Amino acid sequence: MSQITLTFPDGNTRAFPAGITAADVAADISPSLAKKAISAQLDGAHWDLAWPIEADAAIAINTLKDDAPALELIRHDLAHIMARAVQELYPDTKVTIGPVRDQGWFYDFDRTEPFTPEDLGAIEAKMKEIINARDAVRTEVWPREDAIAHYEKTGEPYKVELINRIPGNEPIRMYWHGDWQDLCRGPHLQNTGQVPADAFKLTHVAGAYWLGDSTRPMLQRIYGVAFKNRNDLKAHMQMLEEAAKRDHRKLGREMDLFHMQEEAPGQIFWHPNGWTIYTTLQDYMRRKQRVDGYVEVNTPQVVNRVLWEKSGHWDNYQENMFIVEVDEDHAREKTVNALKPMNCPCHVQVFNQGLKSYRDLPLRMAEFGSCNRYEPSGALHGIMRVRGFTQDDAHIFCTEEQIESETKKFIEFLAGIYADLGFHAWSIKLSTRPEKRIGTEESWDHAEESLGNACKAAGYDFEIQEGEGAFYGPKLEFVLTDAIGRQWQCGTLQVDPNLPERLDANFVAADGAKHRPVMLHRAVLGSFERFIGILIEEHAGKLPFWLAPRQVVVASIVSDADGYVNEVVAALNAKGIRAEADTRNEKINYKVREHSVGKVPVILACGMKEVEERTVTVRRLGEKQTAQATLGQIVADLAAEATAPDLR
RNA sequence: GCCGCAGUAGCUCAGUGGUAGAGCGCACCCUUGGUAAGGGUGAGGUCGGGAGUUCAAUCCUCCCCUGCGGCACCA
């Protein structure tokens with residue numbers, strides 16, 4: 001029998017017979033390791049303990065202490081355990097796929113009856129039984145035809161389809177624990193008992209299309225989360241509670257920011273408090289854009305279909321547009337218009353007015369463009385995904401040679417804004433040419449290279465998303481990470497040579513001839529509506545002072561102080577600070593609680609002592625301690641604090 | 001759009017085949033209280049919309065609308 005050499009993490013090497021398993025290697029090291037072992041890394045690849053090793057390799061034995069492989073295996077085997085539990089409880093159920101995902105896994109089932117929340121409890125109990133049975137996991141590589149025949153016999157058509165989709169050179173691996181059987185590439189734990197029985201939870205059921213294809217059957221997907229121990233599970237459940245507390249829909253109601261109602265689904269009724277955030281943010285963005293060399297325009301909401309036909313939206317995007325038909329007097333046919341779903345075609349119209357010279361480029365044309373899109377009903381979500389919204393949109397008309405420098409300039413612009421708004425963790429993704437595309441390979445090469453170079457020149461790394469670009473050009477996406485670790489794609493920059501072509505935009509170059517400009521579609525926030533939703537969740541409603549809709553409440557402790565309270569409010573208002581008086585017939589405890597719950601950053605309390613000394617007692621949101629300040633001092637301090645970051 | 005679940009007072013929710021209830025909020029009164037809910041009284045509901053079953057529907061059935069969780073979508 002031939003020998004192989006395995007190298008251990010400490011650098012030692014040993015010879016073993018070829019075909020030895022990682023389990024044997026672990027047992028050879030120590031019986032305790034053999035028991036604790038869950039899998040191995042073989043030349044970096046995740047390797048099942050039971051798989052034979054046929055060649056020289058670097059090997060490391062994983063135990064539950066190794067987070068990544070441990071969680072991977074726990075979640076993966078729980079998917080199988082859940083599928084077995086489901087089939088034991090509901091034998092008419094057909095299994096499909098069940099991958100590891102996020103903090104857990106899901107498994108899709110085909111069953112006529114819907115799963116109920118009570119069913120989840122029963123499934124969870126059955127899973128615990130299976131774990132406690134400590135059934136050994138066994139896998140075998142089968143010939144493809146045998147596996148297909150097996151699943152045809154057992155009535156699992158989805159498995160047959162999966163096998164047919166596995167590339168020909170890959171082994172068909174059959175999996176068992178107990179008598180239950182599944183198809184799976186592995187690796188797996190040694191037995192079901194290695195899964196912690198108290199660190200997982202089934203979370204919810206939802207519909208999901210087979211293979212993610214909306215033309216295929218809708219399956220039932222059960223989601224679960226799993227960790228290495230009970231405490232981690234508990235921490236995860238607490239994180240979910242925290243996210244629920246931060247939900248902008250809940251805070252929006254509590255802080256009286258906005259509401260939505262069924263006569264206008266996907267559109268927002270902004271209340272005074274919410275609109276204050278909106279306009280404060282918009283004023284800030286407008287100042288930033290002016291400083292950065294943008295011109296601002298405003299273009300029509302309702303535009304005849306003729307323009308949308310020229311721009312290509314009518315063909316490609318019609319089902320997402322609000323169509324407005326107008327029956328004009330004596331007209332044979334109704335005039336057909338659409339609410340603009342985006343601003344770019346209108347911006348080209350502005351560009352096309354008059355003759356443009358190369359000296360006009362780059363031309364940075366911004367609009368806080370109100371757009372309406374008929375989003376699918378299932379996509380709507382609070383103010384994050386709506387049908388009526390305003391983008392911080394701009395189009396940079398430039399030459400191909402200017403793409404790189406304009407992109408670099410934009411990245412720096414965006415970085416400054418994210419920093420001002422308190423977002424320090426963000427990353428860039430570069431989406432490259434998709435399979436279905438227009439344009440020459442040379443222009444794609446140049447555009448992709450320009451975007452990549454611009455990132456590097458600005459000092460940022462980027463991740464490539466192969467084939468994810470738009471059909472007309474590559475794009476950058478800017479992704480924020482929020483306070484509780486969630487990611488939000490906000491900023492974007494897309495290279496577009498297509499629309500100038502379709503709408504016949506041109507400029508006179510130095511050679512005296514007409515040339516086609518390139519458009520860079522770009523946004524920093526994305527939409528104000530969505531970004532404000534993100535801000536609310538990021539700060540759990542406790543917005544920075546300059547953005548807070550109600551910045552200060554001045555509260556009287558006794559009614560004899562009411563006059564002085566009004567004087568303090570007037571002094572603050574005179575400096576542009578959003579301050580209100582609370583002179584209601586309530587105790588100071590009550591007022592403090594109410595305004596704390598309402599996320600007012602500063603409460604100034606005034607009793608007779610303050611009236612006599614012409615001071616205020618300052619209480620900051622989230623702080624138990626109070627401080628004294630003179631009236632003049634607090635007005636000056638808060639005025640400084642209320643200044644937007646770009647004006648400091 | 002698809003699958004599932006839900007819709008009762010401004011908010012959070014309970015409830016019943018015989019036309020509804022709590023807490024908070026709101027209004028008024030008492031109370032002038034020093035940093036997260038002082039006390040009392042009162043007003044407030046076409047039980048999401050429509051149709052059906054029934055002597056009788058907020059409750060049962062069907063259709064629609066909206067929301068929630070996913071999926072698909074996000075040019």
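Lettering follows sequence order; numbering is per chain, from 1. If you're wondering where the values come from, they're calculated on a predicted model, not measured in any experiment. What's counted below: heavy atoms across the whole structure, side chains too, no hydrogens, waters or symmetry copies.
At a threshold of 4.0 angstrom between heavy atoms, the contacts of A:Gly212 are confined to the sugar-phosphate backbone, with no base atom among them. A:Lys609 comes within contact range of at least one nucleobase, with a heavy-atom separation under 4.0 Å. Within the nucleic acid shown, A:His381 comes within 4.0 Å of sugar-phosphate atoms alone, with no base atom in reach, counting heavy atoms only. A:Met342 comes within contact range of at least one nucleobase, with a heavy-atom separation under 4.0 Å. Residue contacts for A:Met608: at a heavy-atom cut-off of 4.0 Å it reaches a base atom on one of the strands shown. At the heavy-atom level, A:Gly382 lies under 4.0 Å from the strands shown only through sugar-phosphate atoms. Contact annotation for A:Tyr223: backbone-only contact, meaning every heavy-atom pair under 4.0 Å involves sugar-phosphate atoms and none involves a base. Across all strands, A:Arg387 comes closer than 4.0 Å to no nucleic acid atom at all (heavy-atom distances).
With hydrogens and angles ignored, a donor-acceptor pair closer than 3.5 Å exists between the side chain of A:Tyr209 and the base of B:G1. Counting atom types as modelled, A:Arg385 pairs a side-chain N or O with a base atom of B:C73 as donor and acceptor under 3.5 Å.
As rounded to whole Å, 15 Å separates atom P of B:C68 from atom NZ of A:Lys250. The distance from atom OH of A:Tyr107 to atom P of B:C3 is 23 Å, rounded to the nearest whole Å. The distance between atom CH2 of A:Trp488 and atom C1' of B:C74, rounded to the nearest whole Å, is 15 Å. As rounded to whole Å, 16 Å separates atom P of B:C73 from atom CG of A:Asn316. One interatomic measurement links the two molecules: CD of A:Gln494 to P of B:C74, which rounds to 12 Å at whole-angstrom precision. Between A:Arg584 atom CZ and B:C26 atom C1' there is a gap of 11 Å when expressed in whole angstrom units. One atom, CG of A:Leu380, and another, C1' of B:C65, lie 13 Å apart when rounded to the nearest Å. In this structure, CE of A:Met218 is placed 12 Å from C1' of B:C73, rounded to the nearest angstrom.
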Contact string for nucleotides 35-46 of chain B, one letter per nucleotide 5' to 3', B = base within protein heavy-atom range under 4.0 Å, S = sugar-phosphate only, - = neither, reads BBBS--------
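With both ends at atom P, the span from B:U41 to B:G25 equals 15 Å, rounded to whole Å. As rounded to the nearest Å, B:G52 and B:C59 have C1' atoms that lie 15 Å from one another. Comparing B:G70 with B:C11, their C1' atoms are spaced 27 Å from each other, to the whole Å. Straight-line distance between the P atoms of B:G17 and B:G21: roughly 16 Å, to the nearest whole Å. Nucleotides B:G15 and B:U32 have their P atoms positioned 42 Å apart, rounded to a whole Å. Here, B:C2 and B:A14 have their P atoms 29 Å apart, quoted to the whole Å. Look at the C1' atom in both B:C13 and B:C74: the space between them is 36 Å, to the nearest Å. A gap of 22 Å separates the P atoms of B:C28 and B:G33, to the nearest Å.
Side chain of A:Pro376, nearest nucleotide from B:G69, B:G1, B:C71: B:G1.
Between A:Arg101 and B:C71 there is a side-chain polar atom (N or O) within less than 4.0 angstrom of OP1 or OP2. Note on A:Ser214: every side-chain N or O is 4.0 Å or more away from OP1 and OP2 of B:C2.
Looking only at atom types and distance, the side chain of A:Thr116 has a donor-acceptor partner in the side chain of A:Asp119 under 3.5 Å away. A:Thr617 and A:Glu610 form a side-chain donor-acceptor contact under 3.5 Å, judged by distance and modelled atom types alone.
Ring geometry for A:His248 against A:Phe258 counts as tilted: the plane angle lies between 30° and 60°, on a 0 to 90° scale.
Counting only Watson-Crick or G-U wobble pairs whose defining distances are both under 3.5 Å, the stems of 3 or more consecutive pairs in RNA chain B are B:1-7 with B:65-71, B:10-13 with B:21-24, B:26-30 with B:38-42, B:48-52 with B:60-64.
For A:His313, the ring pair (Phe, Tyr, Trp, His ring centres under 6.0 Å) partners two or more places apart in sequence, or in a different chain, are A:Trp308. Listed by chain and residue number, A:Arg433, A:Arg437 satisfy the salt bridge (charged side-chain N to carboxylate O under 4.0 Å, His left out) test with A:Glu441 (two or more places apart in sequence, or in another chain). Residues forming a side-chain contact (heavy atoms from CB on, under 4.5 Å) with A:Ala394 (at least two apart in sequence, or on another chain): A:Tyr294, A:Ala366, A:Arg522. With sequence neighbours excluded, the residues that form a ring pair (Phe, Tyr, Trp, His ring centres under 6.0 Å) with A:Tyr158 are A:Trp210. Here A:Tyr90 pairs with A:Phe115 under the ring pair (Phe, Tyr, Trp, His ring centres under 6.0 Å) rule; sequence neighbours left out. For A:Gln238, the side-chain contact (heavy atoms from CB on, under 4.5 Å) partners are A:Lys234, not counting sequence neighbours. With sequence neighbours left out, the salt bridge (charged side-chain N to carboxylate O under 4.0 Å, His left out) criterion links A:Asp392 to no other residue. Legend: residues meeting salt bridge (charged side-chain N to carboxylate O under 4.0 Å, His left out) with A:Glu641, ordered by chain and number and at least two apart, are A:Arg620. Every residue two or more places apart in sequence or in another chain that forms a ring pair (Phe, Tyr, Trp, His ring centres under 6.0 Å) with A:Trp426 is listed here: A:Tyr418, A:Tyr460.
Taking 4.0 Å as the cut-off between side-chain N and carboxylate O, A:Arg246 and A:Asp482 do not count as a salt-bridged pair. We find that A:Arg619 and A:Glu623 are not joined by a salt bridge, their nearest charged nitrogen and carboxylate oxygen being 4.0 Å or further apart.
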Show each protein N/O and nucleotides 7-12 of chain B N/O combination with a separation under 3.5 Å, one pair to a line.
{"residue": "B:C11", "atom": "O3'", "partner": "A:Arg253", "partner atom": "NE", "Å": "3.4"}
{"residue": "B:U12", "atom": "OP1", "partner": "A:Arg253", "partner atom": "NH2", "Å": "3.0"}

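Position along RNA chain B of the nearest nucleotide to A:Phe471 versus A:Ala206 favours A:Ala206 as the more 5'-ward residue.
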